[in-house]
Colleague: 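Okay, handing you the structure first.
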Amino acid sequence: MTVRVRFAPSPTGMFHVGGARSALQNWIFAKQQGGVFVLRVEDTDAARNKPEWTEGILSALDWIGISRGSYEGPYFQSQNAGEHRAAAARLYESGRAYYCDCTREDVQARTGSQYQGYDGYHRDRGLGPGPGHALRFRTPDEGATVVVDLIRGEPTFENRLIEDFVIARGDGSPVFLLANVVDDMTMGITHVIRAEEHLPNTPKQQLLWDALGVKPPVWAHVPVVVNEKRQKLSKRRDKVALEAYREEGYLADAMRNYLMLLGWAPSGDREIVPWSVIEEEFRLDEVNPSPAFFDEKKLRAFNGEYIRALPVAEFVDACQPWLTGTETIAPPPWQPEEFDADAFAAVAPLAQTRIAVLSEIVPNVDFLFLASPLIDEAAWAKTMKDGSGELLDDAVAAFEALESWDAESLKSTLEAVGAERGLKLGKTQAPVRVAVTGRTVGLPLFESLEVLGRERTLTRIRAARLRLP
Ligand code: GLU
């Protein structure tokens, strides 16, 4: 039997990092089993779906390595509506489902103040189809439904505690629970690997598989992803969109490595490992069922390591979207014609060791391309003290006299300027850095000045000097 798995996102919002994690787990499992990965877009919630969300999912998957054309699909759940209705009709005709026109209030009036689930009122009343008549599944009164779950063992659900749930609404449209089962059935899915949030649906869905006469799939409910407060990551509260991480400058390789560590780890003490190792070592049945903490700080640190490991040329390429701007990434503060690729290439290795996300490249190099630096006024106020004006005067004079404009000479020259005033290099270079780059932190100063060049460096220091007493 060929293993067939599916990833079945609903296009109702930005693509969630938890979804990306499940997609990758499905992807690797299929690969390891010599199986097939199917992408199915569950687009039946017409009120909440938007085509751009679907496009966002496809492109985010592509970004983390599940590339278009390398999987089966995308299928769209809405295209299978005929099958969903046919299955609902079969369940009705075989007596496994019945019509009911009770409102929640009706049920409540019969059963007491708190709604405890449907009371089975219409089970044997023979109500036929009609407007406003929902179709309910007749759950068994006895026995238990045992879910075989690769991660959670065999969660067992007593059937008498499962209410006769709705499978088609009063307007005849099948609900998610049924559509999802029918799609998995028609697509020959053998393993359903999905988020833990769906575990409560699983006994109901397994009953539907049984009632439709098809052997249910093997399930694997992967752990919920939580924030530092152990709350489920939510799009209203947390940064959950894969796209947001991409735009901030996380590398796809770092991201997918990190996502795979949510509930699992490679052998040894390693966490940062090549994708090929993950593909080889990952075991779905080793995934820890407990909630997985999405630690953004750790992800950042990971990303920094991935950035530092890039060959410089690849780092330069990877920075391009932030250097030029794209449809979704804001353009940098300089004009395209102000950008100087050679100057950038000269400082790129210095930046590469210092940034954790690629978007940080911009504030590190903007001083090179802007006609005058963007002065951070708070940094200016903190740095420019009594005596800074004279210090800058001395620096200008010493720099003007330099024969060779290189980092070494610049450093020893400024060091000497400071020494005359009894200042260490750190204190001496701070006002120069703010004058030239506008900031107190950044790339190594003297290499920066070398690349910026004599003219521009001196102009900036002089301009800063004019602002000082
Ligand atoms: N469309 C469902 C969701 O996005 C997935 C259901 C499933 O994987 O079975 O939550």
Side-chain angles (χ1 to χ4, degrees), residues 3-30 35-58 60-61 66 71-81 83-84 87 147-152 155 165 167 173-209 212 214 216-225 232-235 240-243 259 262-263 284 287:
V3 163
R4 288 174 64 81
V5 299
R6 86 309 193 263
F7 178 57
S10 305
T12 53
M14 297 292 273
F15 188 43
H16 193 291
V17 286
R21 179 274 322 257
S22 309
L24 289 169
Q25 290 173 329
N26 270 288
W27 178 255
I28 295 179
F29 184 75
V36 176
F37 175 101
V38 177
L39 179 65
R40 179 174 76 235
V41 178
E42 301 209 315
D43 60 343
T44 32
D45 186 349
R48 293 171 64 216
N49 294 324
K50 284 195 200 148
E52 56 267 38
W53 298 135
T54 298
E55 183 46 38
I57 292 168
L58 300 186
L61 287 175
I66 301 179
Y71 49 76
E72 192 178 305
Y75 296 113
F76 290 86
Q77 186 156 67
S78 54
Q79 290 170 348
N80 216 9
E83 293 284 343
H84 307 154
V147 167
V148 177
D149 188 300
L150 288 178
I151 297 172
R152 284 157 210 279
F165 54 92
I167 56 174
S173 62
V175 303
F176 160 75
L177 273 182
L178 178 64
N180 181 262
V181 164
V182 171
D183 288 351
D184 283 344
M185 221 170 253
T186 46
M187 291 171 192
I189 300 305
T190 59
H191 295 72
V192 170
I193 305 165
R194 63 181 178 183
E196 184 183 351
E197 290 90 316
H198 288 289
L199 188 58
N201 290 331
T202 309
K204 295 176 182 170
Q205 293 196 307
Q206 185 155 306
L207 287 170
L208 291 174
W209 281 85
L212 290 165
V214 185
V218 173
W219 311 89
H221 288 90
V222 302
V224 62
V225 181
K232 186 177 153 189
L233 280 199
S234 110
K235 64 180 168 198
V240 298
L242 196 63
E243 203 58 31
L259 289 173
L262 296 172
L284 190 56
V287 170

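Indexing begins at 1, ligand by ligand and atom by atom, following the structure's order. Quick note: residue numbers are just sequence positions, from 1.
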Colleague: List ligand 1 atoms under 4.0 Å from S10, heavy atoms only on the residue side.
Modeller: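 By the 4.0 Å cutoff, the relevant atoms are 1 (N), 2 (C), 3 (C), 4 (O).
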Colleague: We want to know whether H84 and D183 form a side-chain donor-acceptor pair, criterion being a heavy-atom distance below 3.5 angstrom.
Modeller: yes
Colleague: To which protein heavy atom is atom 5 (C) of ligand 1 closest, and what is the distance rounded to 0.1 Å?
Modeller: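 Nearest neighbour among protein heavy atoms for atom 5 (C) of ligand 1, to 0.1 Å: A8 O, 3.2 Å.
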Colleague: Under a 3.5 Å threshold, yes or no: a donor from one side chain and an acceptor from the other, between T186 and N80?
Modeller: yes
Colleague: With heavy atoms under 4.0 Å as the rule, classify the contact between F7 and ligand 1 as side chain, backbone, both or neither.
Modeller: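 The answer is neither; F7 stays 4.0 Å or more away.
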Colleague: Hey, is D184 touching ligand 1 through its side chain, its backbone, both or neither, going by heavy atoms under 4.0 Å?
Modeller: neither
Colleague: Which of the numbered atoms in ligand 1 are below 4.0 angstrom from a heavy atom of F176?
Modeller: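 Contacts of ligand 1 toward F176, numbered from 1: 6 (C).
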Colleague: Could you list which atoms of ligand 1 come closer than 4.0 Å to a heavy atom of N180?
Modeller: 6 (C), 7 (C), 9 (O)
Colleague: Which bit of H198 gets closer than 4.0 Å to ligand 1, counting heavy atoms only: side chain, backbone, both or neither?
Modeller: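 Side chain only.
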Colleague: If you take the nearest heavy atom of each of R6, E42, Q205, which one is closest to atom 9 (O) of ligand 1?
Modeller: R6
Colleague: Taking all non-hydrogen atoms of both residues, which atom of L242 and which atom of A60 are closest, and how far apart?
Modeller: CD2-CB, 3.8 Å
Colleague: What distance do H221 atom NE2 and D149 atom CG have between them, rounded to the nearest 0.5 Å?
Modeller: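 With rounding to 0.5 Å, NE2 (H221) is 6.0 Å from CG (D149).
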Colleague: Parallel, tilted or perpendicular: which fits the ring planes of F176 and H198, with parallel below 30° and perpendicular above 60°?
Modeller: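 F176 vs H198 ring planes: tilted.
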Colleague: Using a distance-only test with no angle check, is there a side-chain donor-acceptor pair under 3.5 angstrom linking Q205 and W219?
Modeller: no
